[in-house]
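First the structure, in the form of structure tokens, and then the observations on it.
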Amino acid sequence: MKKIFSSILLLALFTGLRAQDTITVNLPEAIQRSVSISVDAVVARNQFKSSYWGYRTYKAELLPEVTLNTTLPYYSKSYNPFQNSDGTYTFVSNDYSKIDAGISISQNIPLTGATLSVESSFQRLEQYGGNGSTRYMAIPGSITLQQPIFGFNRVKWLQKIEPVKYQGAKQQLVADMEDVSNTAIQYYFNLLLGQINMEIAQQNLKNTEKLYTIAEARRKIGQISENDLLQLKHS
């Protein structure tokens with residue numbers, strides 16, 4: 001009986017109902033609810049999402065990375081001491097603004113573990129005052145290759161490990177959902193068995209009450225003894 005009540009309680013929690021609510025579900029509906037809202041199903045999906053985003057992060061490392069570096073217009077005005085030829089000091093104004101920007105594209109090379117980068121930059125410097133001027137500096141392009149000689153080729157190993165891990169995560173999700181479905185089926189039939197046993201117990205109670213009522217009537221007319229009535233009552 002304890003197992004029956006446990007199954008009923010688990011099914012009530014699984015359906016998300018209040019104690020006073022009633023719902024009728026068939027087996028396919030019970031399975032569908034279990035794989036949609038049960039705690040085990042939610043945990044399994046979250047674990048798969050973690051593996052999925054880990055796999056996406058690995059795939060992103062194989063793509064070119066574009067980086068844009070800029071400095072908003074910067075303005076500075078200051079006074080700095082300057083020593084004249086006669087040894088005296090004076091203050092000169094340093095009044096300027098500058099802006100610079102750069103873009104780089106880098107690509108990991110899994111075969112060797114190297115990183116190939118192409119960079120381009122531009123800088124504008126404007127000096128204010130009586131001898132003001134504007135200067136520009138641009139680097140159309142520079143190529144950099146970083147090749148570790150004795151380092152660990154991480155990207156190459158990721159190519160071997162991450163696809164296997166992701167495939168394993170997908171298979172694990174399928175297995176976890178199968179376990180959730182099997183658990184729902186077990187609880188469903190436990191509940192049905194509990195209902196059948198309860199109906200049998202209710203019918204047996206009704207039959208026993210009828211027999212006891214008949215026995216009481218027979219006791220009143222002396223057809224059975226008091227001891228027989230007591231035995232029937234406690235049977």
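Side chains included, hydrogens not; waters and symmetry mates left out as well; all remaining heavy atoms used.
Taking hydrophobic clusters as Ile, Leu, Val, Met, Phe, Trp and Tyr residues chained together by side-chain heavy-atom distances below 4.5 Å, V43 does not share a cluster with L173. Residue I161 is not grouped with residue Y58 when hydrophobic side chains (ILVMFWY) are merged at heavy-atom distances under 4.5 angstrom, including chains of intermediate members.
Remark: the D95 side chain and the Y75 side chain contain an N/O donor-acceptor pair separated by less than 3.5 Å. Q186 and N182 share no donor-acceptor pair across their side chains, judged by distance under 3.5 Å alone. Of the N and O atoms on the side chains of Y187 and S34, not one donor lies less than 3.5 Å from an acceptor on the other residue. Side chain to side chain, N108 and E65 fail the donor-acceptor criterion of an N or O pair below 3.5 Å. D40 and S38 share no donor-acceptor pair across their side chains, judged by distance under 3.5 Å alone.
The two residues A138 and F122 make their nearest non-hydrogen contact at CB-CD1, 4.1 Å. The minimum heavy-atom distance between S120 and P140, with the atom names listed, is OG-O, 3.0 Å. Nearest approach of D176 to Q47, heavy atoms of both residues: OD2-OE1, 4.3 Å. A pairwise comparison of heavy atoms in P110 and Q159 identifies CB-OE1, 3.2 Å as the closest pair.
Residues that satisfy the salt bridge (charged side-chain N to carboxylate O under 4.0 Å, His left out) test with E119, not counting sequence neighbours, are absent from this structure.
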For F48 and K170, what are the C-alpha separation, side-chain angles and deciding distance, and is it a side chain to side chain contact (heavy atoms under 4.5 Å, CB included)? CA-CA 7 Å; F48 175 74; K170 291 194 291 185; 3.4 Å; yes
Test side chain to side chain contact (heavy atoms under 4.5 Å, CB included) on I109 and T115; report intermediate values, then the result. CA-CA 6 Å; I109 304 176; T115 301; over 6 Å; no
Assess the residue pair R154 and E61 against the criterion (salt bridge (charged side-chain N to carboxylate O under 4.0 Å, His left out)); give the C-alpha distance rounded to whole Å, side-chain angles, the decisive distance to 0.1 Å, and a yes or no. CA-CA 11 Å; R154 188 179 64 88; E61 291 195 37; 2.6 Å; yes
Side chain to side chain contact (heavy atoms under 4.5 Å, CB included), that's the test. Do E126 and R124 meet it? Break it down for me. CA-CA 7 Å; E126 183 173 358; R124 178 182 182 274; 2.9 Å; yes
Evaluate the criterion side chain to side chain contact (heavy atoms under 4.5 Å, CB included) for residue pair L72 and I99; output intermediate values, then yes/no. CA-CA 6 Å; L72 296 177; I99 182 173; over 6 Å; no
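The shortest distance between side-chain heavy atoms of P81 and T90 does not fall below 4.5 Å. With a 4.5 Å cut-off on side-chain heavy atoms, L27 and F189 count as touching. Y52 has its side chain within reach of Y166: a pair of non-hydrogen atoms, C-beta onward, lies under 4.5 Å apart. A 4.5 Å side-chain heavy-atom check between I37 and V42 finds every atom pair outside the cut-off. With a 4.5 Å cut-off on side-chain heavy atoms, M177 and V174 do not count as touching. Put simply, the side chain of Y55 does not reach to within 4.5 Å of the side chain of K165, judged on heavy atoms. Using a 4.5 Å heavy-atom threshold, the side chains of I103 and V66 count as touching. Inter-residue side-chain proximity for T134 and L125 is flagged as unmet; no heavy-atom pair is nearer than 4.5 Å.
Heavy-atom neighbours of L145 CG from other residues, nucleotides or ligands within 6.0 Å: above the threshold of 12. With a 6.0 Å radius and a threshold of 12 heavy atoms from other residues, nucleotides or ligands, L68 has its CG atom above the threshold. A 6.0 Å sphere centred on CZ of F152 holds more than 12 heavy atoms belonging to other residues, nucleotides or ligands.
Ring geometry for Y74 versus Y96: interplanar angle of 30 to 60°, hence tilted.
Comment: K59 does not engage E162 in a salt bridge, judged by the lack of any side-chain N to carboxylate O separation of less than 4.0 angstrom.
Going from atom OG1 of T144 over to atom CG of L116 covers 8.5 Å, rounded to the nearest 0.5 Å. Atom CD of E29 sits about 4.0 Å away from atom CG of N26, to the nearest 0.5 Å. Atoms OG and CG, from S76 and N94 in turn, are 6.5 Å apart once rounded to the nearest 0.5 Å. The distance from the CE atom of M137 to the CG atom of D100 is 8.5 Å, given to the nearest 0.5 Å. Distance check, rounded to the nearest 0.5 Å: CD1 of I31 to CZ of R33 gives 13.0 Å. Taken to the nearest 0.5 Å, the CG atom of N190 stands 11.5 Å off from the CD atom of Q195.
Checked by atom type and distance alone, the side chain of D86 pairs as donor or acceptor with a backbone atom of T88 at under 3.5 Å. For the pair R45 (side chain) and S36 (backbone), a donor-acceptor distance under 3.5 Å is present.
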